[in-house]
There are 2 protein chains.
Amino acid sequence: MATKYQATLTERLALDTYIKVSRAANAVELRINRHLSDYGLTISQFGVLEALYHLGPLHQHQLGEKILKSSGNMTLVIDNLCKRGLVKRERSESDRRYIAIHLSKEGSALMADLFPKHVEKVVVALSPLSQTEQEQLAMLCKKLGVGQLETV
Amino acid sequence: MATKYQATLTERLALDTYIKVSRAANAVELRINRHLSDYGLTISQFGVLEALYHLGPLHQHQLGEKILKSSGNMTLVIDNLCKRGLVKRERSESDRRYIAIHLSKEGSALMADLFPKHVEKVVVALSPLSQTEQEQLAMLCKKLGVGQLETV
DNA sequence: CAAATATAGTTTAATATTAAACTATTAAAT
DNA sequence: ATTTAATAGTTTAATATTAAACTATATTTG
């Protein structure tokens with residue numbers, strides 16, 4: 001018989017909400033990103049390409065901040081994208097600490113083909129919710145996400 | 001200049017919602033689980049211990065389903081927990097395909113100490129939202145999560 | 001001007017994670 | 001009773017991920 005924690009109502013609600021948010025985010029992300037393997041891409045590789053596709057060249061630190069990964073991980077993910085010929089590294093001449101990451105021609109072509117399909121997957125994955133519900137969910141998640149910086 | 005995808009309103013809303021859900025879930029999870037390193041645990045290790053703490057012994061396949069990880073990953077995560085002496089494997093005598101995973105005494109003691117702290121972190125992380133907002137978020141995420149099984 | 005500090009990116013070690021192929025065992029079909 | 005199919009768990013290869021320590025470069029401080 002497992003020892004069970006006796007949670008208060010506030011605690012039970014917070015735990016329940018947290019679990020449901022985590023599971024929904026996980027299920028949606030796996031669903032949307034399942035087709036990336038058709039392009040031989042992982043989720044993080046796609047995240048890098050997507051950021052460069054929308055924002056233009058970024059240096060590695062900025063990319064890490066955008067897709068919420070450590071600098072060590074960014075090195076490996078970008079290494080692998082370079083090997084694929086999808087991105088290029090270019091060290092800044094004015095400040096040699098910085099390396100700008102550019103989409104290559106192949107990378108741009110791949111994203112031009114892939115991104116509309118990604119959008120389609122996102123629309124289908126979110127379709128269990130009405131437009132109003134999606135707006136509500138976005139608002140609540142924004143509030144929750146922003147709140148992680150303030151409540152110390 | 002990056003090539004930009006011209007999204008419709010429906011597409012923009014879905015993308016926006018998806019990004020906010022992912023980021024909020026990620027931020028909350030990192031925030032809540034930051035203290036696990038004090039116990040020398042990773043997020044998946046904690047997930048296994050938590051499932052066993054609440055539900056009693058489970059076999060590996062069930063654990064994988066509970067915390068949404070592949071069977072190959074479960075083998076490694078459980079291997080590492082066994083090394084720590086926190087769980088034990090026990091092969092079923094009636095069906096030798098099955099291996100039940102049990103919390104050890106050390107595992108139970110650790111969870112008895114850790115879980116209340118985890119709950120505290122969850123309550124704080126969710127506190128930017130009112131009780132009504134948490135209920136709303138839970139409802140929307142349940143609908144969204146369940147919907148990933150139906151919309152093929 | 002030199003020393004101290006800060007920042008960008010890399011490397012290392014450890015763990016996580018997947019898909020696919022595999023072994024072992026049990027159940028179902030013939 | 002034998003063959004086929006299904007299930008549990010392991011192994012392999014590849015990639016992801018982190019924290020911490022490191023190198024290289026630039027900025028700030030005294």
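The chains referred to below are lettered A, B, ... by the order of the sequence lines, with proteins before strands, and numbering in each begins at 1.
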Practice task
Would you mind reporting whether B:Leu63 and B:Val77 have side-chain heavy atoms less than 4.5 Å apart?
Solution key: no
Practice task
Would you tell me whether B:Ser92 and B:Ser94 have side-chain atoms, one donor and one acceptor, within less than 3.5 Å of each other?
Solution key: yes
Handout entry: Nearest listed nucleotide, side chain of B:Arg97, among D:dG9, D:dT7, C:dT17
Key = D:dT7
Problem - CZ (A:Arg96) with more than 12 external heavy atoms under 6.0 Å - result: no
Practice task
Kindly point out which of C:dT18, D:dT25, D:dA16 is positioned nearest to the side chain of B:Lys69?
Solution key: C:dT18
Exercise for the section: For the residue pair B:His35 and B:His118, categorise the inter-ring angle as parallel (less than 30°), tilted (30 to 60°) or perpendicular (more than 60°). Expected result: parallel
Fill in the blank from the handout: A:Glu29 atom CD is separated from D:dA16 atom P, nearest whole Å, by 14 Å
Practice task
Starting from C1' on C:dA13, measure out to CG on A:Leu76 and report it in whole angstrom.
Solution key: 14 Å
Practice task
Anything under 30° is parallel, anything over 60° is perpendicular, the rest tilted; go ahead and classify A:Phe115 against A:Phe46.
Solution key: parallel
Handout entry: A:Asp16 and A:Arg12 ion-paired at < 4.0 Å
Key = no
Practice task
Starting at atom CZ of A:Arg89, determine the distance to atom P of C:dA8, rounded to an integer number of angstrom.
Solution key: 16 Å
Problem - Interatomic distance where CG belongs to A:Asp79 and P belongs to C:dT10 [whole Å] - result: 7 Å
Handout entry: 5′-ward residue of the pair B:His61/A:Lys83 relative to DNA chain D
Key = B:His61
Practice task
Nearest whole angstrom, please: distance from the C1' of D:dT10 to the CG of B:Leu63.
Solution key: 16 Å
Problem - Whole-Å gap separating P (C:dG9) and CD1 (A:Ile78) - result: 8 Å
Exercise for the section: Would you tell me if any nitrogen or oxygen in the side chain of B:Asn80 comes within less than 4.0 Å of OP1 or OP2 on C:dA16? Expected result: yes
Problem - Atom-to-atom span, OH of A:Tyr98 to P of D:dA26 - whole angstrom - result: 11 Å
Practice task
Take the protein atom CG of B:Asn26 and the nucleotide atom P of D:dA16, then report the distance between them rounded to whole Å.
Solution key: 16 Å
Fill in the blank from the handout: Looking only at C:dA6, C:dA16, D:dA16, the nucleotide nearest the B:Val77 side chain is C:dA16
Practice task
Using a cut-off of strictly less than 4.0 Å, decide whether B:Ser71 has a side-chain nitrogen or oxygen near OP1 or OP2 of D:dG9.
Solution key: no
Handout entry: side-chain N/O A:Gln62 vs C:dA8 OP1/OP2, d < 4.0 Å
Key = no
Handout entry: Side-chain N or O of A:Thr75 closer than 4.0 Å to phosphate OP1/OP2 of C:dT10
Key = yes
Problem - B:Asn73, nearest nucleotide to its side chain (from D:dT15, C:dT17, C:dT10) - result: C:dT17
Practice task
Map A:Gly72 and A:Arg91 onto DNA chain D by nearest heavy atom, then report which one ends up closer to the 5' terminus.
Solution key: A:Gly72
Exercise for the section: Answer yes or no: does a side-chain N or O of B:Ser70 lie under 4.0 Å from OP1 or OP2 of C:dT17? Expected result: no
Handout entry: Distance test, side-chain N/O of B:Arg96 to OP1/OP2 of C:dT25, below 4.0 Å
Key = yes
Fill in the blank from the handout: Out of C:dT15, C:dG9, D:dT15, minimum distance to the side chain of A:Gln60 belongs to C:dG9
